[in-house]
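Here's the structure, in structure tokens; my notes come after.
Just so it is clear, the structure is predicted and the values come from calculations on it, not from any experiment.
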Amino acid sequence: MHTEILPDAAAVALRGAKRIADAARAAIAARGLFTFAVSGGRTPWVMLADLAKLELPWDKVHILQTDERFAPDGHPDRNFTHLKSSLLDTVPIPATNVHPMP
């Protein structure tokens, strides 16, 4: 196991985004598709915003939301609201590649 110690939460978020981007590129090269399951909560917001700044073939990425809170569409308590604002609203991913929880 390899352990990295990073200076702060922002560095951890960026490192996570880069690891996901590397995995996405490898999966797309091998299989033509990258499927990314995203959990809710505040923890991934910065990482997702960092991921949005990285170059990826977003048309070959599928995002599956793995959990959701019972709140109306667009509500700040809803995980999908933050997934949209952190990532989906800023990358050219086709709507058909986004699979939110009902």
_Validation row: Leu33, His62 side chains within 4.5 angstrom (heavy atoms)_ = yes
Cationic N near anionic O, under 4.0 Å, Asp89 to Lys84
yes
Looking at side-chain heavy atoms only, is the closest gap between Asn97 and Ile63 below 4.5 Å? no
Connected via hydrophobic side-chain network under 4.5 Å: Val46 and Leu88: no
Separation between NE2 (His82) and CZ (Arg69), nearest 0.5 Å, reads 7.5 Å
Between Pro57 and Ile28 the two heavy atoms that sit nearest each other are CG-CD1, 3.5 Å
Determine whether a donor-acceptor pair (N or O, by modelled atom type, separation under 3.5 Å) exists between the side chain of Ser39 and the backbone of Thr66.
no
Exercise for review: Side-chain contact test, heavy atoms from C-beta onward, threshold under 4.5 Å: evaluate it for Leu6 versus Leu14 and give yes or no.
Suggested key: no
For the residue pair Leu64 and Phe36, establish whether any side-chain heavy-atom pair is separated by less than 4.5 Å.
no
All heavy atoms of Ala24 vs all of Leu56, minimum pair found to be CB-CD2, 4.0 Å
CA sep, side-chain torsions, deciding dist, call: Phe70, Asp77, side-chain contact (heavy atoms from CB on, under 4.5 Å):
CA-CA 8 Å; Phe70 291 106; Asp77 286 343; over 6 Å; no
Looking only at heavy atoms, the pair that brings Ala21 and Leu54 closest together is CB-CD1, 3.8 Å
| said: Using the rule that Ile, Leu, Val, Met, Phe, Trp and Tyr join whenever any side-chain heavy atoms are under 4.5 Å apart, tell me whether Val12 and Leu87 fall into a single cluster. | reply: no
Query raised in the report: So, Arg25 and Asp22, do they make that salt bridge, N to O below 4.0 Å?
Result: yes
Exercise. Find out whether Leu83 and Leu48 are in side-chain contact, i.e. whether some heavy atom of one side chain is under 4.5 Å from a heavy atom of the other.
Key: yes
| message | Would you say CD of Glu55 has more than 12 non-hydrogen atoms from neighbouring residues, nucleotides or ligands within 6.0 angstrom? | response | no
CZ of Arg78 to CD of Gln65, rounded to nearest 0.5 Å, is 6.5 Å
So CD of Glu68 and OG1 of Thr81: to nearest 0.5 Å the spacing works out to 7.0 Å
Linked, directly or transitively: Val98 and Met47 (ILVMFWY side chains, under 4.5 Å)
yes
Smallest heavy-atom separation, Phe34 atom then Ala27 atom, equals CD1-CB, 3.8 Å
Excluding Trp45, membership of its hydrophobic cluster (Ile, Leu, Val, Met, Phe, Trp, Tyr; side-chain heavy atoms within less than 4.5 Å) reads none
